[in-house]
There are 2 protein chains.
Amino acid sequence: MNNKGYVSPETSERIQNIINDLNYKPLHSARKLATRKTGNIGYIIWESHFSEVEMFYSQIFLGMEYAARESDYYILLTTVKDDFDPKTDLPRFLKYNDVDGVVLAGRVPHSLVEYLDKQRMPFVLVDYGIPGKIYNSVLIDNYNGAFSAVESLIQSGRKRIAFVGGTFSHPSIKERFRGYKEGLESYNLISDGHLKKYTYLEDAETSREIGEKGVSILLTEKLLPDAIFCCNDTTALGALTEIQRKKLKIPQDIAVVGFDDIPTAAFNLPKLSTVRVPKLLLGKEAFKLLNDVIDNPRLPAQTRLISTEFIKRESS
Amino acid sequence: MNNKGYVSPETSERIQNIINDLNYKPLHSARKLATRKTGNIGYIIWESHFSEVEMFYSQIFLGMEYAARESDYYILLTTVKDDFDPKTDLPRFLKYNDVDGVVLAGRVPHSLVEYLDKQRMPFVLVDYGIPGKIYNSVLIDNYNGAFSAVESLIQSGRKRIAFVGGTFSHPSIKERFRGYKEGLESYNLISDGHLKKYTYLEDAETSREIGEKGVSILLTEKLLPDAIFCCNDTTALGALTEIQRKKLKIPQDIAVVGFDDIPTAAFNLPKLSTVRVPKLLLGKEAFKLLNDVIDNPRLPAQTRLISTEFIKRESS
DNA sequence: CTGAAAGCGCTTACAG
DNA sequence: CTGAAAGCGCTTACAG
């Protein structure tokens with residue numbers, strides 16, 4: 001049954017028939033007890049992320065779940081509090097050793113990551129990294145995504161492209177900013193003081209509010225920006241709202257581009273141009289990488305980069 | 001350790017100390033093998049529901065997960081295809097008997113429910129029911145929620161209150177419609193032909209599009225409605241968009257009220273008045289009811305009704 | 001109240 | 001290649 005050892009074809013077939021006739025299913029708990037494996041994988045996200053408007057992290061989960069259907073793993077999804085403390089807030093499946101490995105998606109407490117590392121629990125980070133540390137991770141190609149978004153704006157004639165963003169300490173956001181900046185540079189569209197005038201950065205969690213606030217500040221410039229590249233769709237949606245409130249036309253007066261391609265992007269009025277992040281694929285790759293790590297724990301840490309696609313809609 | 005049988009206080013304390021000293025954690029797979037329980041609960045939703053813009057069903061999941069933390073259950077989340085067939089598409093945890101019970105949220109394939117019933121697998125339905133069948137379920141008090149929403153509109157002076165809705169075959173939507181209708185009746189605001197003129201019903205899955213379409217049809221009436229009660233927030237957001245597109249003022253010309261209180265409702269422009277459904281509580285109650293059923297499988301099927309709260313915002 | 005035996009249903013050496 | 005034994009770490013009667 002487990003395709004191990006030497007069995008003659010005849011015996012194999014005989015047994016398979018009996019299995020089918022009896023509709024026999026091995027009992028997982030017995031198998032797990034014998035193999036000392038749990039057959040589970042943990043999926044941990046920050047509580048605020050799961051309660052968010054967007055389905056970003058749920059989609060990553062779904063990608064993992066799809067991949068897990070082919071192997072024999074179950075995914076245990078749990079959230080972790082903002083003020084996580086490994087001493088008291090450890091997810092149950094970690095406390096009771098009920099998982100063979102863990103996927104952490106998005107911003108997660110560093111103390112958790114360190115705990116897993118110390119326990120030698122196999123894990124992979126998705127869409128997050130910790131500065132100065134190299135862990136197994138699946139990342140979005142934020143730099144090229146941002147670069148291509150800015151490039152599209154430039155090619156449609158925009159000259160003064162602004163940037164609005166939150167959680168600037170998040171590595172993904174930093175990379176998007178870098179793509180934005182180098183995109184402008186490579187087209188010589190970044191004069192002295194450009195970044196000072198046309199950039200609104202905050203370190204608070206990204207939100208519509210940040211988009212609204214960012215735009216309202218950018219619109220106090222004498223020379224208004226003619227395009228705004230936002231660090232993600234949520235922020236971009238806030239930006240759109242504020243631009244509309246100020247009676248400016250989108251995209252004629254100001255174009256807006258987001259990042260992520262959350263479902264709302266396509267339903268909004270106007271429809272939001274954005275950089276699509278393949279969320280299901282992120283989940284699938286995370287699952288595959290984690291499996292590789294579980295099978296071979298001494299593998300050196302690796303990073304897999306998932307590329308993005310620019311989606312042009314009404315807002316640009 | 002399991003608080004069973006007779007143990008002298010001295011022995012109990014001695015053992016507890018040893019447990020603490022050794023940081024002993026029972027191995028779940030061994031326990032499960034011995035007790036013949038899986039320690040897992042399945043959570044099944046329709047694939048389209050999970051990919052939706054709204055977090056409705058994810059929040060119900062989260063409520064269950066919170067409740068599960070106190071007992072020793074893990075929740076296994078999976079989706080089921082639109083054209084589900086029990087012969088080929090059974091979720092793995094059902095196929096391999098890896099759950100002690102199942103929660104099904106929202107609209108689910110009837111063939112799945114029948115399968116579970118036949119297998120005598122304990123299950124509870126959340127926010128769904130099958131006409132003519134009585135199953136264990138946790139339902140939203142849709143009738144009173146709708147009634148109170150309509151009542152609030154009437155009290156703010158609205159006379160011609162319309163209804164826009166999709167998935168009319170869904171029992172929850174039917175109940176919301178009934179609350180709407182009887183609300184109007186009890187204030188004598190429902191003349192002959194009112195429902196014919198001011199009602200737009202479709203049986204397609206609820207969506208922004210249905211809201212937009214419904215409004216565009218309602219606005220062809222000679223006497224425009226002065227309020228629209230939508231079957232849920234998603235539909236209401238579409239309605240808002242279409243009203244704005246027609247250059248009518250919200251709420252001055254037309255008030256709009258939704259149902260559910262999805263996160264977007266509070267962020268939209270204008271902010272959407274709605275009937276709040278306590279999603280976490282739904283999940284928690286579903287978990288509790290399922291536990292009762294697992295402990296006592298011969299319990300007659302029961303329905304637990306969760307009440308709602310009207311939230312007045314800018315759109316009414 | 002306490003302690004030891006049997007059994008849950010698998011997998012993994014091991015003897016043949 | 002095949003078959004039987006031992007063991008995974010619990011729980012549940014059962015003897016005392």
Side-chain angles (χ1 to χ4, degrees), chain A residues 1-42 68-74 76 90 92-101 119-122 291 294-297, chain B residues 1-42 68-74 76 90 92-101 119-122 291 294-297:
Chain A
M1 284 192 65
N2 301 330
N3 296 320
K4 279 185 198 169
Y6 309 92
V7 191
S8 70
E10 294 78 38
T11 311
S12 174
E13 202 195 319
R14 206 184 88 232
I15 301 296
Q16 275 302 340
N17 285 334
I18 298 177
I19 288 173
N20 293 337
D21 291 353
L22 266 40
N23 191 23
Y24 167 80
K25 308 269 189 245
L27 190 73
H28 282 163
S29 53
R31 175 177 285 178
K32 287 168 182 175
L33 176 58
T35 57
R36 320 277 353 241
K37 289 213 156 203
T38 69
N40 297 325
I41 280 179
R69 287 181 192 173
E70 265 132 66
S71 59
D72 248 331
Y73 275 112
Y74 291 117
L76 267 25
L90 223 47
R92 282 173 302 147
F93 57 62
L94 252 23
K95 205 151 111 191
Y96 297 108
N97 272 304
D98 275 332
V99 289
D100 299 329
Q119 299 288 313
R120 301 184 175 283
M121 168 68 73
N291 265 282
I294 290 173
D295 291 344
N296 188 352
Chain B
M1 283 192 64
N2 301 330
N3 296 320
K4 279 186 198 167
Y6 309 93
V7 190
S8 70
E10 294 78 35
T11 311
S12 175
E13 202 196 318
R14 204 183 89 232
I15 301 297
Q16 275 303 340
N17 285 334
I18 298 177
I19 288 172
N20 292 338
D21 290 353
L22 264 41
N23 191 25
Y24 167 80
K25 308 269 187 246
L27 190 71
H28 281 163
S29 52
R31 175 177 286 178
K32 288 167 182 177
L33 177 58
T35 57
R36 319 277 354 241
K37 290 213 156 203
T38 68
N40 297 325
I41 280 178
R69 286 181 192 173
E70 264 132 66
S71 58
D72 248 331
Y73 275 113
Y74 291 117
L76 266 27
L90 224 48
R92 281 174 301 147
F93 56 64
L94 251 24
K95 204 151 110 193
Y96 296 109
N97 272 304
D98 275 332
V99 290
D100 299 329
Q119 299 288 313
R120 300 184 177 282
M121 168 68 73
N291 266 282
I294 291 172
D295 291 345
N296 189 354

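Residue numbers begin at 1 in each chain, while the letters A, B, ... track the order of the sequences. Because only heavy atoms are used, hydrogens play no part in the values below, and waters and symmetry mates are left out as well, while side chains stay in.
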Counting only side-chain heavy atoms from C-beta out, which of [options] sits nearest to [X]?
X	options	answer
B:Leu27	D:dG9, D:dT11, C:dT11	D:dG9
B:Pro26	C:dC10, D:dC10, C:dT12	D:dC10
A:Ala34	D:dC1, C:dG9, D:dT11	C:dG9
A:Tyr6	D:dC1, C:dT2, D:dC10	D:dC1

Would you say [X] reaches [N]'s phosphate, i.e. side-chain N/O to OP1/OP2 under 4.0 Å?
X	N	answer
B:Arg36	C:dG9	yes
A:Tyr96	D:dG9	no
B:Ser29	D:dC10	no
A:Thr11	D:dT2	yes

Between [X] and [Y], is there a donor-acceptor pair closer than 3.5 Å when you use the side chain of the first and the backbone of the second?
X	Y	result
A:Thr35	A:Arg31	yes
B:Asp100	B:Lys37	no
A:Arg92	B:Ala68	yes
B:Arg120	B:Pro297	no

Heavy-atom nearest nucleotide on DNA chain C for B:Ser12 versus A:Leu33: which residue maps closer to 5'?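 The 5'-side residue here is B:Ser12.
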Quickly work out the [X] [atom1] to [N] [atom2] distance and round it to whole Å.
X	N	atom1	atom2	result
A:Lys32	C:dT11	NZ	C1'	15 Å
A:Asn97	D:dC10	CG	C1'	16 Å
A:Glu10	D:dG3	CD	P	13 Å

Out of the candidates A:Ile15, A:Asn17, A:Thr11, only one should pair with A:Glu13 under the side-chain contact (heavy atoms from CB on, under 4.5 Å) rule; please name it.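 Passing option: A:Asn17.
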Counting Watson-Crick and G-U wobble pairs with both distances under 3.5 Å, what is the dot-bracket string for DNA chain D, 5' to 3', using [ ] for crossing pairs and | for pairs to another strand? |||.||||||||.|||
Side chains of B:Asn40 and B:Tyr73: closer than 4.5 Å at any heavy-atom pair?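 No; the side chains remain at least 4.5 Å from each other.
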